[in-house]
Peer 1: 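Supplied in structure tokens, the structure appears directly below.
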Number of protein chains: 2
Amino acid sequence: MTTTLQPRWLDADQQRIWRSFLNGVARINERLEAELRCFGLDLGEYEILVHLSESPDRSLRMSDLADRVRQSRSRLTHTVARMETKGLVARMACPSDRRGVIALMTNQGHDLLVEAAPAHVESVRRALVDPVSPEDFAALGRAMDAVTAVQD
Amino acid sequence: MTTTLQPRWLDADQQRIWRSFLNGVARINERLEAELRCFGLDLGEYEILVHLSESPDRSLRMSDLADRVRQSRSRLTHTVARMETKGLVARMACPSDRRGVIALMTNQGHDLLVEAAPAHVESVRRALVDPVSPEDFAALGRAMDAVTAVQD
DNA sequence: ACAATGTTGTTGAACTGTAAACTTCTTTGC
DNA sequence: GCAAAGAAGTTTACAGTTCAACAACATTGT
């Protein structure tokens with residue numbers, strides 16, 4: 001049985017909160033994207049740079065990187081190809097697995113991240129951290145962890 | 001002055017919560033999209049149907065609808081055009097403003113919404129409402145309302 | 001009355017994302 | 001050792017989004 005016979009509808013409060021969630025997430029995304037556009041980046045590209053910068057040798061296997069930034073492998077291939085033409089990342093063969101490809105951040109990519117990061121953090125604060133009370137912010141973290149803990 | 005000289009970095013907890021947020025939102029979206037795909041819809045189309053169904057005469061001005069579903073006008077034009085070829089919505093001239101176009105839901109669109117809604121609600125529950133405690137869920141609502149209340 | 005300005009919605013091109021097929025290589029199990 | 005199965009990345013074709021330009025109409029201020 002894949003569907004319940006009697007749908008468990010959301011009550012008025014739950015529905016209101018669900019819509020607040022949709023609206024809030026959209027607003028946050030808009031602001032972060034708008035801010036990063038000044039640096040010629042979008043959020044997906046920014047996250048790629050962040051994860052590379054935090055990894056040894058500023059490099060990661062493509063599939064590993066894809067998991068961390070929650071992009072499909074296909075999408076990551078396209079995105080990294082574009083970033084490569086911009087000079088932000090480079091690709092090299094993986095020595096231990098000949099199927100593998102290693103993405104690595106260039107100095108230019110690192111410079112751009114260093115340049116964009118303060119403004120990005122500032123927009124995360126303005127869009128989310130500052131307007132929300134510390135208690136509710138902590139609850140938000142617990143809620144999202146619970147969401148992520150659900151197995152498919 | 002557009003940038004602060006000393007960026008107010010996020011502390012470890014804030015950073016962890018911010019990343020939980022990005023992960024959680026991505027998971028929720030994945031699940032809702034996957035579920036709606038069974039009905040040939042994506043979340044954007046589903047929301048269009050919802051907002052039309054809640055409006056008088058199941059109809060809304062295009063720009064009004066665009067605001068409610070948080071889509072650009074251009075995007076809405078394209079999306080509604082596609083939905084029109086699927087027979088889910090129709091468009092008619094607005095009597096009071098000759099620039100205007102009114103989008104309205106067809107019976108077929110309404111039938112599809114009625115068919116998809118129970119499964120959609122169920123996936124909202126499974127992805128978010130059920131795994132989160134009522135207190136944290138309420139806090140999530142307050143947090144997102146605070147986010148939306150920030151003026152640009 | 002009417003020019004200037006703003007709003008509405010669409011268009012087409014360029015760009016980005018998705019899905020499936022495919023190549024190459026590795027791993028597994030006989 | 002070898003076939004089968006699986007994994008990594010890319011490619012191609014296509015679907016969807018964004019952006020800038022535009023046409024049509026409404027509103028404003030004089």
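Letters A, B, ... are given to chains in the order of the sequence lines, protein chains preceding strands, and every chain is numbered from 1.
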Peer 1: Does the side chain to side chain donor-acceptor pair (under 3.5 Å) test come out yes or no for B:T148 and A:N23, once each step is laid out?
Peer 2: CA-CA 7 Å; B:T148 303; A:N23 286 322; 5.6 Å; no
Peer 1: Heavy atoms under 4.0 Å, any strand shown: does B:D42 hit a base, just sugar-phosphate, or nothing?
Peer 2: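 Answer is nothing: B:D42 stays at 4.0 Å or more from every strand.
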Peer 1: I'd like to know if the side chain of A:Q15 and the backbone of A:A12 have a donor-acceptor N/O pair within less than 3.5 Å.
Peer 2: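 Looks like no, no N/O pair under 3.5 Å.
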Peer 1: Using a 4.0 Å cut-off to any heavy atom of chain A, which nucleotides of DNA chain C are the first and last in contact, reading 5' to 3'?
Peer 2: C:dT16 to C:dT26
Peer 1: Name the residue closer to the 5' end of DNA chain D, choosing between B:T79 and A:V101 according to the nucleotide with the nearest heavy atom.
Peer 2: A:V101
Peer 1: Report the C-alpha separation of B:D57 and B:L104 in whole Å, then their side-chain angles, then the decisive distance to 0.1 Å, and conclude whether the side chain to side chain contact (heavy atoms under 4.5 Å, CB included) test is met.
Peer 2: CA-CA 8 Å; B:D57 302 320; B:L104 63 136; over 6 Å; no
Peer 1: Salt bridge check, B:E47 against B:R70: does any charged N sit closer than 4.0 Å to a carboxylate O?
Peer 2: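 Salt bridge between B:R70 and B:E47, a charged N being under 4.0 Å from a carboxylate O: yes.
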Peer 1: Strictly below 4.0 Å, N to O, side chains only: are A:R19 and B:E54 in salt-bridge contact?
Peer 2: yes
Peer 1: What is the 5' to 3' range of DNA chain D, first to last nucleotide, that sits under 4.0 Å from any heavy atom of chain A?
Peer 2: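 Nucleotide range with atoms under 4.0 Å of chain A: D:dG6 to D:dC19.
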Peer 1: Tell me which of A:S72 and B:S63 sits closer to the 5' end of DNA chain C, going by the nucleotide each one is nearest to.
Peer 2: B:S63
Peer 1: Quick check for you: to the nearest 0.5 Å, what is the distance between A:E30 atom CD and A:S123 atom OG?
Peer 2: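 It is 13.0 Å, given to the nearest 0.5 Å.
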Peer 1: Short question: side chain of A:E45, backbone of A:T79 - any donor-acceptor pair under 3.5 Å?
Peer 2: no
Peer 1: Rounding to 10°, can you tell me the angle the first-five-pair axis of the helix from C:dA1-D:dT30 to C:dC30-D:dG1 makes with its last-five-pair axis?
Peer 2: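 The angle separating the two end axes equals 30°.
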Peer 1: Regarding A:S74, tell me which of base, sugar-phosphate or nothing describes its non-hydrogen contacts under 4.0 Å with the strands shown.
Peer 2: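 It contacts base atoms.
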Peer 1: Does a salt bridge link A:D130 with B:R8, judged by any charged N lying under 4.0 Å from a carboxylate O?
Peer 2: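 Yes, this pair counts.
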Peer 1: Do A:V25 and A:I17 sit in the same hydrophobic cluster, where Ile, Leu, Val, Met, Phe, Trp and Tyr count as joined when their side-chain heavy atoms come under 4.5 Å apart?
Peer 2: yes
Peer 1: For a quick check of understanding: with a heavy-atom distance under 4.0 Å over all strands, which category does A:R73 fall into, base, sugar-phosphate or nothing?
Peer 2: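 A:R73: base contact, heavy atoms under 4.0 Å.
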Peer 1: May I ask whether A:L128 and B:W9 are part of the same hydrophobic cluster, defined by side-chain heavy atoms of I, L, V, M, F, W, Y residues being less than 4.5 angstrom apart, directly or through others?
Peer 2: yes
Peer 1: Is the shortest side-chain N to carboxylate O distance from B:D145 to B:R142 below 4.0 Å?
Peer 2: no
Peer 1: Over all strands shown, is B:T77 touching base, sugar-phosphate only, or nothing at heavy-atom distances under 4.0 angstrom?
Peer 2: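 Result for B:T77 = base.
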